[in-house]
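Worksheet for the structure shown next.
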Amino acid sequence: MSGDSLYQQLRSNLAYLRLHAAAEALPRALDTAQRQKLSPSAFLKALTDVEVHATAERRRASLERFARLPAPWRIEDFDFDAQPSVDRSMIQELATLRFLEDATNVLFIGPPGVGKTMLAVSLARASIEAGYRTYYTSAADLAARCHRAALEGRWATVMRFFAGPRLLVIDEVGYLPMASEAAAALFQVISQRYLKGSVCLTTNLAVGSWGKTFDDPMAAGAMLDRLLHRSVVFNIDGDSYRLREHRARSERLRSRRNPLDGPRADP
Ligand code: ADP
Ligand code: MG
């Protein structure tokens, strides 16, 4: 068989096996192998590396699309000095993602603007990058989705969906009042993930006030029990980072000379 037709067959084998990245890289890899006098094993290793990287990248991109994170935040972007009530070493420990192994939950509790969503999303990003199926939803979206599913007779399907991800972020619990139907959906999602899959939840509700905020205090209590049983809780206080940035910007603007004032008379 001529070298040319051997090459063509090798290429079509790779394409048939759907190793498209390797097929694409074949001419370059053969060139390199010849130039650097690579052993057959070294050549095969280099060629399969190309496919492995392409597959890993596709998988990461698909996990990323699936997760629907609302922002590209990462833990490195979080300014811990601005938020001393957040235990930096605890966040770094969580970023190792060992908490996913025993389905530990993470709760970020605090007023608006203190970085709860940013921390939850940053952990979710770490989880995606480690290859875990991850999903972000606000509590209101979760409730709306469950409501629609109930109307359309897809309750079991939507429950299976929320049970699936290794890490489920439920953002903004308690921002909007939860009618009993919505609370029941949240309760069921949390119950079926209990000890099986981690929930990272953010809320403005202090733990003690859950009973008052939900229509059904019993369900609220049972939900909290499951969430807290194996959990890491951050009580974040302090100023809103948003307001702080806004204040800093206003200060900067104020300290600049207003150009309409005309030329300044130098002393
Ligand atoms: P919350 O969910 O507690 O209301 P967010 O996480 O949405 O607050 O944070 C509000 C805004 O402030 C976001 O743009 C976020 O990136 C930023 N932010 C909050 N805390 C910090 C921080 N410690 N370091 C950097 N950015 C922060
Ligand atoms: Mg938030």
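Each ligand, and each atom within it, is numbered from 1 in the order the structure gives.
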> Looking only at heavy atoms of Val114, does any of them come nearer than 4.0 Å to an atom of ligand 1?
Replying inline: yes
>> Can you confirm whether the side chains of Ser85 and Gln83 place a donor and an acceptor under 3.5 Å from each other?
In response: yes
> Purely on distance, is any nitrogen or oxygen of Phe78 under 3.5 Å from one on ligand 1?
Replying inline: no
> Just how far is it from atom SG of Cys146 to atom CZ of Phe162, taken to the nearest 0.5 Å?
Replying inline: 5.0 Å
>> Under 2.8 Å from the Mg ion (ligand 2), is there any N, O or S atom belonging to Thr202?
In response: no
> Atom CZ in Phe99, atom CG in Leu94: separation rounded to 0.5 Å?
Replying inline: 5.5 Å
>> Are the side chains of Leu47 and Leu14 in contact, using a 4.5 Å heavy-atom criterion?
In response: yes
> What do you reckon, does Thr117 have a nitrogen or oxygen under 3.5 Å from a nitrogen or oxygen of ligand 1?
Replying inline: yes
> Is the shortest distance from a heavy atom of Gly113 to ligand 1 less than 4.0 Å?
Replying inline: yes
>> Is there a polar contact between ligand 1 and Ala82, counting only N or O atoms under 3.5 Å apart?
In response: no
> With a 4.0 Å heavy-atom cut-off (strictly under), which part of Asp77 contacts ligand 1: side chain, backbone, both or neither?
Replying inline: backbone
> Which atoms form the tightest heavy-atom contact between Ser127 and Thr134, and what is the distance?
Replying inline: OG-OG1, 2.6 Å
>> Within ligand 1, which atoms have a heavy atom of Trp73 less than 4.0 Å away?
In response: 13 (C), 14 (O), 15 (C), 16 (O)
>> Give me the atom names and distance for the closest heavy-atom approach of Asp77 to Pro72.
In response: OD2-O, 4.5 Å
> How does Phe108 reach ligand 1, by side chain, by backbone, by both or by neither, if only non-hydrogen atoms under 4.0 Å count?
Replying inline: neither
